[in-house]
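What follows is a set of notes on a single structure, which appears directly below.
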Amino acid sequence: MEKERSDQFTHTLQHKDRENIWHHMSIYNEHTPVIIEQGEGAWIKDSLGNRFLDGMSGLWAVNVGYGRERLAKVAYEQLKKLCYAPLTQSHEPAIRLAEKINSLLEDDYMMFYSNSGCDANEIALKLIRQFHQQNGEGTRYKMIASYRAYHASSLGALAATGQALRKYKYEPLTPGFLHVAPPDPYRRPKGQSMEVYNLARARDIEEKIIEEQNETIAAVIMEPFITGGGVFIPQQTYVQEVERICRKYGVLLIIDEVICGFGRTGKLFGHQHFGIRPDVITMAKGLTSAYLPLSITAVRKDIYDKFKEIDGYSHCRHMNMFGGNPAACAVALENIKIIEEEGLVQRAKDLGIQLLHDLQDLLELPFVGDIQGLGLLVGIELVEDKASQRPAKEERVASIIAECKANGLIVGKNGGTVEGSNTIITLSPPLCCTDEDLEFMVAVLKRVFAAHV
(Lines give C-alpha, C1' and ligand atoms only; values in the text may rest on other atoms or scores of the structure.)
Protein backbone atom coordinates (compact mmCIF):
# COMPACT_ATOMS: atom_id res chain seq x y z
CA MET A 1 0.00 0.00 0.00
CA GLU A 2 2.81 2.40 0.89
CA LYS A 3 4.50 1.72 -2.45
CA GLU A 4 1.23 2.38 -4.29
CA ARG A 5 0.88 5.73 -2.52
CA SER A 6 4.50 6.57 -3.38
CA ASP A 7 3.97 5.63 -7.04
CA GLN A 8 0.77 7.68 -7.24
CA PHE A 9 2.42 10.65 -5.54
CA THR A 10 5.31 10.52 -8.01
CA HIS A 11 3.06 10.17 -11.05
CA THR A 12 1.02 13.16 -9.88
CA LEU A 13 4.14 15.27 -9.44
CA GLN A 14 5.49 14.20 -12.82
CA HIS A 15 2.22 15.16 -14.49
CA LYS A 16 2.24 18.58 -12.80
CA ASP A 17 5.90 18.93 -13.76
CA ARG A 18 5.19 18.28 -17.44
CA GLU A 19 2.33 20.77 -17.33
CA ASN A 20 4.30 23.59 -15.72
CA ILE A 21 8.11 23.29 -15.94
CA TRP A 22 10.36 23.96 -18.92
CA HIS A 23 13.40 21.78 -18.22
CA HIS A 24 16.96 22.80 -18.89
CA MET A 25 18.67 21.16 -21.87
CA SER A 26 15.74 18.78 -22.44
CA ILE A 27 13.97 17.88 -25.67
CA TYR A 28 10.43 19.28 -25.71
CA ASN A 29 7.80 17.07 -24.02
CA GLU A 30 10.05 14.00 -23.89
CA HIS A 31 11.32 14.41 -20.36
CA THR A 32 10.04 12.31 -17.47
CA PRO A 33 12.04 13.71 -14.58
CA VAL A 34 13.29 11.94 -11.52
CA ILE A 35 11.68 13.71 -8.55
CA ILE A 36 14.63 14.11 -6.20
CA GLU A 37 13.58 14.32 -2.56
CA GLN A 38 16.71 14.34 -0.45
CA GLY A 39 20.45 13.83 -0.37
CA GLU A 40 23.07 12.66 2.07
CA GLY A 41 26.80 12.65 1.42
CA ALA A 42 27.36 11.58 -2.20
CA TRP A 43 23.89 10.01 -2.50
CA ILE A 44 20.46 11.28 -3.53
CA LYS A 45 17.05 9.64 -3.14
CA ASP A 46 13.98 10.05 -5.35
CA SER A 47 10.28 10.11 -4.50
CA LEU A 48 10.03 6.36 -5.20
CA GLY A 49 12.72 5.58 -2.65
CA ASN A 50 15.45 4.80 -5.20
CA ARG A 51 18.97 5.80 -4.20
CA PHE A 52 21.63 7.03 -6.61
CA LEU A 53 25.28 7.87 -6.13
CA ASP A 54 25.50 11.33 -7.67
CA GLY A 55 28.56 11.00 -9.86
CA MET A 56 28.08 14.55 -11.14
CA SER A 57 27.58 16.49 -7.87
CA GLY A 58 24.35 17.84 -9.33
CA LEU A 59 25.90 19.99 -12.05
CA TRP A 60 29.57 19.77 -10.98
CA ALA A 61 28.67 21.73 -7.84
CA VAL A 62 27.88 19.92 -4.57
CA ASN A 63 31.54 19.62 -3.57
CA VAL A 64 31.06 18.94 0.16
CA GLY A 65 28.12 16.61 -0.45
CA TYR A 66 24.45 16.69 0.44
CA GLY A 67 22.77 17.06 3.82
CA ARG A 68 25.28 19.33 5.56
CA GLU A 69 23.33 20.58 8.55
CA ARG A 70 26.08 23.08 9.36
CA LEU A 71 25.41 24.93 6.12
CA ALA A 72 21.65 24.93 6.66
CA LYS A 73 22.07 26.33 10.18
CA VAL A 74 24.44 29.07 9.05
CA ALA A 75 21.97 30.12 6.35
CA TYR A 76 19.09 30.09 8.84
CA GLU A 77 20.93 32.18 11.42
CA GLN A 78 22.06 34.71 8.83
CA LEU A 79 18.59 34.97 7.29
CA LYS A 80 17.13 35.71 10.73
CA LYS A 81 19.72 38.39 11.35
CA LEU A 82 19.83 40.00 7.88
CA CYS A 83 18.12 38.48 4.86
CA TYR A 84 19.24 41.00 2.26
CA ALA A 85 21.43 44.03 1.72
CA PRO A 86 22.39 45.32 -1.74
CA LEU A 87 26.09 45.65 -2.37
CA THR A 88 25.70 49.28 -3.24
CA GLN A 89 26.45 49.26 0.52
CA SER A 90 28.04 46.29 2.35
CA HIS A 91 27.63 43.66 5.05
CA GLU A 92 29.94 41.56 7.22
CA PRO A 93 29.62 38.16 5.49
CA ALA A 94 30.58 39.68 2.12
CA ILE A 95 33.58 41.44 3.67
CA ARG A 96 34.81 38.33 5.48
CA LEU A 97 34.34 36.12 2.42
CA ALA A 98 36.26 38.51 0.15
CA GLU A 99 39.11 38.56 2.65
CA LYS A 100 39.08 34.75 2.85
CA ILE A 101 39.13 34.29 -0.93
CA ASN A 102 42.14 36.59 -1.21
CA SER A 103 43.95 34.49 1.40
CA LEU A 104 43.14 31.31 -0.55
CA LEU A 105 44.37 32.88 -3.79
CA GLU A 106 47.45 34.17 -1.95
CA ASP A 107 47.09 37.37 -3.92
CA ASP A 108 45.37 40.74 -4.01
CA TYR A 109 42.03 40.88 -5.84
CA MET A 110 38.81 42.84 -5.59
CA MET A 111 35.68 40.67 -5.42
CA PHE A 112 32.56 41.43 -7.45
CA TYR A 113 29.63 39.30 -6.25
CA SER A 114 26.97 37.78 -8.50
CA ASN A 115 24.63 34.75 -8.45
CA SER A 116 26.08 32.21 -10.88
CA GLY A 117 29.05 31.31 -13.03
CA CYS A 118 27.19 32.81 -15.96
CA ASP A 119 26.96 36.15 -14.16
CA ALA A 120 30.59 35.96 -13.05
CA ASN A 121 31.86 35.48 -16.60
CA GLU A 122 29.51 38.07 -18.09
CA ILE A 123 30.73 40.79 -15.74
CA ALA A 124 34.36 39.77 -16.35
CA LEU A 125 33.93 40.38 -20.08
CA LYS A 126 32.28 43.75 -19.49
CA LEU A 127 34.87 44.91 -16.97
CA ILE A 128 37.77 44.03 -19.23
CA ARG A 129 36.36 45.95 -22.17
CA GLN A 130 35.78 48.96 -19.94
CA PHE A 131 39.27 48.63 -18.45
CA HIS A 132 40.94 48.84 -21.86
CA GLN A 133 38.82 51.86 -22.77
CA GLN A 134 39.96 53.64 -19.62
CA ASN A 135 43.54 52.47 -20.03
CA GLY A 136 43.85 54.33 -23.32
CA GLU A 137 43.53 51.18 -25.45
CA GLY A 138 39.96 51.38 -26.64
CA THR A 139 40.76 49.26 -29.70
CA ARG A 140 41.09 46.20 -27.45
CA TYR A 141 37.70 44.49 -27.43
CA LYS A 142 38.20 40.99 -28.87
CA MET A 143 38.36 37.91 -26.65
CA ILE A 144 40.05 34.60 -27.48
CA ALA A 145 38.55 31.40 -26.07
CA SER A 146 38.82 27.66 -26.72
CA TYR A 147 36.60 25.43 -28.76
CA ARG A 148 34.82 22.92 -26.49
CA ALA A 149 35.08 25.27 -23.47
CA TYR A 150 31.89 26.33 -21.69
CA HIS A 151 31.58 29.80 -20.16
CA ALA A 152 27.76 29.95 -19.75
CA SER A 153 24.65 30.84 -21.72
CA SER A 154 24.04 34.59 -21.58
CA LEU A 155 24.73 36.34 -24.88
CA GLY A 156 28.24 37.48 -23.95
CA ALA A 157 29.33 34.34 -22.12
CA LEU A 158 27.75 32.17 -24.81
CA ALA A 159 29.78 34.03 -27.45
CA ALA A 160 32.88 33.04 -25.46
CA THR A 161 31.69 29.44 -25.21
CA GLY A 162 33.24 27.21 -27.86
CA GLN A 163 30.30 24.84 -28.34
CA ALA A 164 28.45 25.19 -31.63
CA LEU A 165 25.30 23.33 -30.58
CA ARG A 166 24.70 25.63 -27.61
CA LYS A 167 24.86 28.64 -29.93
CA TYR A 168 22.75 27.23 -32.75
CA LYS A 169 19.61 29.35 -33.40
CA TYR A 170 20.70 31.98 -30.85
CA GLU A 171 23.14 33.73 -33.16
CA PRO A 172 24.25 36.36 -33.96
CA LEU A 173 25.76 36.72 -30.51
CA THR A 174 27.93 39.44 -29.01
CA PRO A 175 30.65 40.24 -31.57
CA GLY A 176 34.39 40.08 -30.99
CA PHE A 177 34.89 36.50 -29.83
CA LEU A 178 37.50 34.24 -31.46
CA HIS A 179 38.25 30.57 -30.85
CA VAL A 180 41.22 28.22 -31.10
CA ALA A 181 41.56 24.48 -30.56
CA PRO A 182 42.46 23.39 -27.03
CA PRO A 183 44.98 20.65 -26.25
CA ASP A 184 43.34 17.24 -26.68
CA PRO A 185 46.05 14.71 -25.83
CA TYR A 186 44.09 11.80 -27.32
CA ARG A 187 43.98 13.40 -30.75
CA ARG A 188 47.44 14.91 -30.97
CA PRO A 189 49.41 14.13 -34.16
CA LYS A 190 51.08 10.73 -34.15
CA GLY A 191 54.68 10.83 -33.04
CA GLN A 192 54.42 14.30 -31.50
CA SER A 193 55.46 14.58 -27.86
CA MET A 194 53.01 15.95 -25.32
CA GLU A 195 55.21 18.98 -24.65
CA VAL A 196 55.61 19.89 -28.32
CA TYR A 197 51.87 19.40 -28.87
CA ASN A 198 50.88 21.58 -25.91
CA LEU A 199 53.28 24.33 -26.99
CA ALA A 200 51.82 24.22 -30.50
CA ARG A 201 48.28 24.64 -29.16
CA ALA A 202 49.38 27.59 -27.01
CA ARG A 203 51.08 29.22 -29.99
CA ASP A 204 47.81 28.96 -31.90
CA ILE A 205 46.68 31.69 -29.51
CA GLU A 206 49.73 33.79 -30.34
CA GLU A 207 49.07 33.36 -34.06
CA LYS A 208 45.46 34.43 -33.54
CA ILE A 209 46.61 37.55 -31.67
CA ILE A 210 48.98 38.47 -34.49
CA GLU A 211 46.48 37.67 -37.26
CA GLU A 212 43.78 39.79 -35.61
CA GLN A 213 46.17 42.70 -34.89
CA ASN A 214 47.37 42.45 -31.34
CA GLU A 215 46.09 45.90 -30.28
CA THR A 216 42.52 44.67 -30.85
CA ILE A 217 42.79 41.73 -28.41
CA ALA A 218 41.46 42.40 -24.92
CA ALA A 219 41.72 39.02 -23.19
CA VAL A 220 42.07 35.29 -23.34
CA ILE A 221 39.39 33.44 -21.36
CA MET A 222 39.97 29.79 -20.50
CA GLU A 223 39.09 27.05 -18.07
CA PRO A 224 42.26 25.60 -16.49
CA PHE A 225 40.80 22.24 -17.55
CA ILE A 226 37.98 21.98 -20.06
CA THR A 227 35.06 20.36 -18.26
CA GLY A 228 31.56 20.50 -19.74
CA GLY A 229 33.06 20.24 -23.23
CA GLY A 230 34.44 16.81 -22.50
CA VAL A 231 37.29 16.93 -19.90
CA PHE A 232 40.62 17.80 -21.53
CA ILE A 233 43.70 18.02 -19.31
CA PRO A 234 46.50 20.25 -20.65
CA GLN A 235 50.13 20.09 -19.56
CA GLN A 236 51.69 22.78 -17.42
CA THR A 237 53.62 23.82 -20.54
CA TYR A 238 50.41 24.91 -22.26
CA VAL A 239 48.96 27.09 -19.51
CA GLN A 240 52.27 28.74 -18.65
CA GLU A 241 52.91 29.49 -22.32
CA VAL A 242 49.44 31.03 -22.67
CA GLU A 243 50.21 33.30 -19.71
CA ARG A 244 53.57 34.28 -21.26
CA ILE A 245 51.88 35.11 -24.58
CA CYS A 246 49.25 37.24 -22.84
CA ARG A 247 51.91 39.23 -21.00
CA LYS A 248 53.94 39.70 -24.21
CA TYR A 249 51.04 41.28 -26.07
CA GLY A 250 49.33 43.20 -23.27
CA VAL A 251 46.37 40.80 -23.27
CA LEU A 252 44.57 40.04 -20.00
CA LEU A 253 44.04 36.46 -18.82
CA ILE A 254 40.67 35.36 -17.42
CA ILE A 255 40.62 31.97 -15.70
CA ASP A 256 37.17 30.39 -15.37
CA GLU A 257 37.24 28.38 -12.12
CA VAL A 258 33.47 27.87 -11.97
CA ILE A 259 33.82 24.07 -12.09
CA CYS A 260 37.52 23.55 -11.32
CA GLY A 261 37.56 25.66 -8.15
CA PHE A 262 37.23 24.66 -4.50
CA GLY A 263 39.08 21.37 -4.58
CA ARG A 264 37.63 19.65 -7.62
CA THR A 265 41.03 18.91 -9.24
CA GLY A 266 43.07 18.22 -6.12
CA LYS A 267 44.14 21.85 -5.69
CA LEU A 268 41.96 24.55 -4.19
CA PHE A 269 41.85 26.22 -7.62
CA GLY A 270 42.64 24.61 -10.95
CA HIS A 271 45.10 27.30 -12.06
CA GLN A 272 47.21 26.61 -8.95
CA HIS A 273 48.48 23.46 -10.68
CA PHE A 274 50.37 25.73 -13.06
CA GLY A 275 51.82 28.53 -10.92
CA ILE A 276 50.24 31.32 -12.96
CA ARG A 277 48.72 34.64 -11.87
CA PRO A 278 45.45 35.36 -13.69
CA ASP A 279 44.22 38.91 -14.13
CA VAL A 280 40.63 37.86 -13.48
CA ILE A 281 39.29 34.69 -11.85
CA THR A 282 35.64 33.66 -11.94
CA MET A 283 34.16 31.17 -9.46
CA ALA A 284 30.78 29.76 -8.42
CA LYS A 285 29.35 26.21 -7.90
CA GLY A 286 31.75 24.78 -5.28
CA LEU A 287 31.99 28.22 -3.63
CA THR A 288 28.85 27.33 -1.67
CA SER A 289 28.65 23.69 -2.81
CA ALA A 290 25.37 24.82 -4.42
CA TYR A 291 23.63 25.28 -1.07
CA LEU A 292 22.81 28.85 -2.10
CA PRO A 293 23.45 30.77 -5.34
CA LEU A 294 26.66 32.81 -5.28
CA SER A 295 29.53 33.67 -7.61
CA ILE A 296 32.59 35.90 -7.58
CA THR A 297 34.55 37.74 -10.24
CA ALA A 298 37.96 38.34 -8.68
CA VAL A 299 39.75 41.25 -10.39
CA ARG A 300 43.38 42.16 -9.86
CA LYS A 301 43.67 45.41 -7.90
CA ASP A 302 45.71 47.28 -10.49
CA ILE A 303 42.86 46.66 -12.95
CA TYR A 304 40.33 47.81 -10.35
CA ASP A 305 42.31 51.02 -9.86
CA LYS A 306 41.46 52.10 -13.42
CA PHE A 307 37.83 52.39 -12.31
CA LYS A 308 38.71 55.04 -9.68
CA GLU A 309 39.35 57.83 -12.17
CA ILE A 310 37.27 60.98 -11.72
CA ASP A 311 34.88 60.72 -14.61
CA GLY A 312 31.11 60.45 -14.61
CA TYR A 313 31.27 57.11 -16.41
CA SER A 314 34.54 55.56 -15.18
CA HIS A 315 33.00 53.55 -12.36
CA CYS A 316 31.59 50.07 -12.93
CA ARG A 317 27.93 50.46 -13.78
CA HIS A 318 27.02 46.79 -13.58
CA MET A 319 24.90 45.64 -10.65
CA ASN A 320 23.40 42.36 -9.54
CA MET A 321 20.22 42.32 -7.47
CA PHE A 322 21.02 39.25 -5.36
CA GLY A 323 24.79 39.06 -5.80
CA GLY A 324 26.58 38.70 -2.48
CA ASN A 325 23.42 37.82 -0.55
CA PRO A 326 24.35 37.76 3.17
CA ALA A 327 23.16 34.19 3.71
CA ALA A 328 24.96 32.95 0.59
CA CYS A 329 28.21 34.60 1.72
CA ALA A 330 27.85 33.10 5.20
CA VAL A 331 27.27 29.66 3.68
CA ALA A 332 30.33 30.07 1.44
CA LEU A 333 32.51 30.83 4.45
CA GLU A 334 31.22 27.76 6.30
CA ASN A 335 31.56 25.63 3.16
CA ILE A 336 35.23 26.63 2.87
CA LYS A 337 35.70 25.74 6.55
CA ILE A 338 34.34 22.25 5.86
CA ILE A 339 36.67 21.83 2.87
CA GLU A 340 39.63 22.85 5.01
CA GLU A 341 38.72 20.97 8.20
CA GLU A 342 37.96 17.71 6.40
CA GLY A 343 40.93 17.91 4.04
CA LEU A 344 38.65 17.59 1.02
CA VAL A 345 41.18 19.03 -1.42
CA GLN A 346 43.67 16.30 -0.58
CA ARG A 347 40.80 13.81 -0.51
CA ALA A 348 39.87 14.77 -4.08
CA LYS A 349 43.49 14.33 -5.14
CA ASP A 350 43.83 10.90 -3.52
CA LEU A 351 40.45 9.61 -4.72
CA GLY A 352 41.16 10.94 -8.20
CA ILE A 353 44.40 8.97 -8.42
CA GLN A 354 42.57 5.84 -7.26
CA LEU A 355 39.64 6.41 -9.63
CA LEU A 356 41.85 6.82 -12.70
CA HIS A 357 43.82 3.71 -11.72
CA ASP A 358 40.68 1.63 -11.23
CA LEU A 359 39.18 2.75 -14.55
CA GLN A 360 42.21 1.79 -16.65
CA ASP A 361 40.66 -1.62 -17.39
CA LEU A 362 38.02 0.17 -19.47
CA LEU A 363 40.70 1.10 -22.00
CA GLU A 364 40.85 -2.55 -23.03
CA LEU A 365 37.32 -2.29 -24.41
CA PRO A 366 37.14 -1.62 -28.17
CA PHE A 367 34.85 1.41 -27.82
CA VAL A 368 36.76 3.26 -25.06
CA GLY A 369 39.29 5.53 -26.71
CA ASP A 370 40.68 7.58 -23.86
CA ILE A 371 40.30 8.47 -20.19
CA GLN A 372 41.44 11.86 -18.95
CA GLY A 373 41.12 13.25 -15.47
CA LEU A 374 42.58 15.10 -12.51
CA GLY A 375 41.22 14.88 -9.00
CA LEU A 376 37.50 14.14 -9.07
CA LEU A 377 37.10 15.36 -12.63
CA VAL A 378 37.13 12.53 -15.18
CA GLY A 379 36.11 12.07 -18.80
CA ILE A 380 35.78 8.72 -20.61
CA GLU A 381 35.74 9.13 -24.40
CA LEU A 382 33.74 6.60 -26.41
CA VAL A 383 34.68 5.84 -30.02
CA GLU A 384 33.45 3.64 -32.85
CA ASP A 385 36.90 2.15 -33.22
CA LYS A 386 40.31 2.98 -31.86
CA ALA A 387 42.07 3.04 -35.22
CA SER A 388 40.01 5.89 -36.68
CA GLN A 389 39.14 7.53 -33.31
CA ARG A 390 35.70 8.26 -34.75
CA PRO A 391 33.28 9.34 -32.00
CA ALA A 392 30.83 6.66 -30.89
CA LYS A 393 27.21 6.79 -31.92
CA GLU A 394 25.23 8.86 -29.45
CA GLU A 395 22.83 5.96 -28.94
CA ARG A 396 25.61 4.04 -27.21
CA VAL A 397 26.38 7.01 -24.97
CA ALA A 398 22.71 7.45 -24.06
CA SER A 399 22.38 3.74 -23.34
CA ILE A 400 25.39 3.70 -21.02
CA ILE A 401 24.12 6.74 -19.11
CA ALA A 402 20.66 5.15 -18.74
CA GLU A 403 22.09 1.81 -17.60
CA CYS A 404 24.36 3.48 -15.05
CA LYS A 405 21.27 5.25 -13.68
CA ALA A 406 19.34 1.94 -13.58
CA ASN A 407 22.24 0.57 -11.52
CA GLY A 408 22.15 3.48 -9.06
CA LEU A 409 24.85 5.75 -10.51
CA ILE A 410 24.33 9.20 -12.06
CA VAL A 411 26.93 10.11 -14.70
CA GLY A 412 27.00 12.93 -17.25
CA LYS A 413 28.27 13.63 -20.74
CA ASN A 414 29.44 16.61 -22.79
CA GLY A 415 25.98 17.56 -24.03
CA GLY A 416 25.30 20.21 -26.66
CA THR A 417 28.96 20.59 -27.69
CA VAL A 418 29.69 19.67 -31.32
CA GLU A 419 27.32 17.62 -33.44
CA GLY A 420 28.47 14.00 -33.49
CA SER A 421 31.04 14.50 -30.72
CA ASN A 422 28.92 14.45 -27.55
CA THR A 423 30.48 11.13 -26.62
CA ILE A 424 32.47 11.73 -23.45
CA ILE A 425 31.06 10.28 -20.22
CA THR A 426 31.83 12.69 -17.39
CA LEU A 427 32.34 12.09 -13.67
CA SER A 428 32.47 14.80 -11.02
CA PRO A 429 31.32 13.27 -7.71
CA PRO A 430 31.30 15.07 -4.34
CA LEU A 431 34.72 15.43 -2.74
CA CYS A 432 33.40 13.75 0.41
CA CYS A 433 33.01 10.37 -1.34
CA THR A 434 33.94 7.41 0.86
CA ASP A 435 36.15 4.55 -0.28
CA GLU A 436 32.99 2.45 -0.54
CA ASP A 437 31.35 5.11 -2.74
CA LEU A 438 34.32 5.00 -5.08
CA GLU A 439 34.23 1.21 -5.23
CA PHE A 440 30.52 1.31 -6.05
CA MET A 441 31.08 3.85 -8.82
CA VAL A 442 33.85 1.81 -10.43
CA ALA A 443 31.92 -1.46 -10.12
CA VAL A 444 28.83 -0.01 -11.84
CA LEU A 445 30.90 1.55 -14.64
CA LYS A 446 32.79 -1.69 -15.31
CA ARG A 447 29.60 -3.76 -15.28
CA VAL A 448 27.71 -1.41 -17.61
CA PHE A 449 30.59 -0.90 -20.02
CA ALA A 450 31.34 -4.64 -20.20
CA ALA A 451 27.73 -5.31 -21.20
CA HIS A 452 28.25 -3.17 -24.32
CA VAL A 453 31.08 -5.22 -25.82
Side-chain angles (χ1 to χ4, degrees), residues 105 121 124 142-151 160-163 177-212 214 217-261 264-283 349 352 356 369-375 377-379 381 389 414 417-418 421 424 426:
L105 292 171
N121 284 331
K142 298 175 186 174
M143 312 277 182
I144 299 175
S146 296
Y147 288 115
R148 305 294 289 259
Y150 179 68
H151 298 295
T161 293
Q163 300 180 3
F177 288 84
L178 312 165
H179 292 84
V180 297
D184 177 3
Y186 179 54
R187 297 176 187 279
R188 76 184 187 278
K190 287 184 173 60
Q192 194 173 76
S193 73
M194 281 287 197
E195 182 169 6
V196 168
Y197 173 67
N198 274 264
L199 279 172
R201 290 282 73 81
R203 285 169 187 162
D204 288 344
I205 293 175
E206 184 168 27
E207 287 182 17
K208 185 69 73 174
I209 291 171
I210 293 168
E211 289 167 354
E212 291 285 332
N214 71 281
I217 307 299
V220 169
I221 180 170
M222 59 184 286
E223 298 175 277
F225 309 97
I226 286 179
T227 52
V231 184
F232 297 146
I233 309 296
Q235 282 196 326
Q236 188 176 61
T237 302
Y238 173 78
V239 181
Q240 291 182 344
E241 182 67 5
V242 170
E243 182 187 44
R244 185 195 70 78
I245 290 165
C246 287
R247 301 290 175 253
K248 177 180 177 181
Y249 293 99
V251 172
L252 298 184
L253 179 59
I254 310 168
I255 294 294
D256 178 344
E257 291 277 6
V258 171
I259 288 176
C260 296
R264 172 62 53 198
T265 65
K267 292 276 190 184
L268 198 56
F269 295 97
H271 74 271
Q272 291 175 339
H273 288 275
F274 308 113
I276 63 168
R277 188 192 182 210
D279 297 296
V280 177
I281 305 167
T282 59
M283 57 194 82
K349 179 181 178 180
L356 281 177
D370 191 35
I371 301 175
Q372 295 190 47
L374 188 67
L377 173 68
V378 175
E381 182 163 355
Q389 297 183 334
N414 62 315
T417 305
V418 179
S421 295
I424 299 177
T426 55

In sequence, state the C-alpha distance, the side-chain angles, and the governing distance for Arg187 and Asp370, and then conclude on side-chain contact (heavy atoms from CB on, under 4.5 Å).
CA-CA 10 Å; Arg187 297 176 187 279; Asp370 191 35; over 6 Å; no
The test is side-chain contact (heavy atoms from CB on, under 4.5 Å); show your working for Leu356 and Ile371 and say whether it passes.
CA-CA 8 Å; Leu356 281 177; Ile371 301 175; 3.8 Å; yes
Could you walk me through whether Tyr249 and Ile205 pass the side-chain contact (heavy atoms from CB on, under 4.5 Å) check?
CA-CA 11 Å; Tyr249 293 99; Ile205 293 175; over 6 Å; no
Apply side-chain contact (heavy atoms from CB on, under 4.5 Å) to the pair Ile255 and Ile276, showing each step before the final yes or no.
CA-CA 10 Å; Ile255 294 294; Ile276 63 168; 4.1 Å; yes
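Shortest non-hydrogen contact noted between Ile245 and Ala202 is CD1-O, 3.4 Å. In terms of heavy-atom proximity, Tyr150 sits nearest to Asp256 at O-OD2, 3.6 Å. For Asn414 against Thr426, the heavy-atom pair with the smallest separation is N-CG2, 4.4 Å. Of all heavy-atom pairs between Tyr238 and Met222, the closest is CE2-CE, 3.7 Å. The nearest pair of heavy atoms linking Ala149 to Thr161 is O-CG2, 3.3 Å. Taking each heavy atom of Val180 and Asp204 in turn, the nearest pair found is CG1-O, 4.0 Å.
A distance of 9.0 Å separates CE in Met283 from CG in Leu268, rounded to the nearest 0.5 Å. Expressed to the nearest 0.5 Å, how far CD1 of Ile424 lies from CD of Gln372 amounts to 7.5 Å. Rounded to the nearest 0.5 Å, atoms CD1 (Ile209) and CD1 (Ile144) are 4.5 Å apart. Here Thr282 contributes atom OG1 and Asn121 contributes atom CG; the two are 4.0 Å apart, rounded to the nearest 0.5 Å. Note: Leu253 CG to Arg244 CZ = 13.5 Å, rounded to the nearest 0.5 Å. Between atom OG of residue Ser421 and atom CD of residue Glu381 there is a gap of 8.0 Å, rounded to the nearest 0.5 Å.
Considering only heavy atoms from C-beta on, Pro182 comes within 4.5 Å of Tyr147 through its side chain. Residues Val280 and Ile221 have side chains not in contact (no heavy-atom distance under 4.5 Å, counting atoms from C-beta outward).
Salt-bridge formation is detected for the pair Glu243/Arg247: a Lys NZ or Arg NE/NH1/NH2 atom is positioned less than 4.0 Å from an Asp or Glu carboxylate oxygen.
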Donor-acceptor contacts, no H, no angles, side chain residues 226-236, under 3.5 Å, sequence neighbours left out:
from, atom 1, to, atom 2, distance (Å)
Thr227, OG1, Glu223, OE2, 2.5
Gln235, OE1, Glu195, N, 3.3
Gln236, NE2, His273, O, 3.3

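Contacts of Lys267 classified as salt bridge (Lys or Arg N to Asp or Glu O under 4.0 Å), with partners at least two apart in sequence or in another chain: none. Remark: Tyr197 pairs with Pro183, Asp184, Arg188, Pro189, Gln192, Arg201 by the side chain to side chain contact (heavy atoms under 4.5 Å, CB included) rule, at least two apart or across chains.
Among Gln272, His271, Arg264, the one residue that satisfies the side-chain hydrogen bond (donor to acceptor under 3.5 Å, both in side chains) test with Glu257 is His271.
In this structure, Lys349 places its NZ atom where only 12 or fewer heavy-atom neighbours from other residues, nucleotides or ligands lie under 6.0 Å away.
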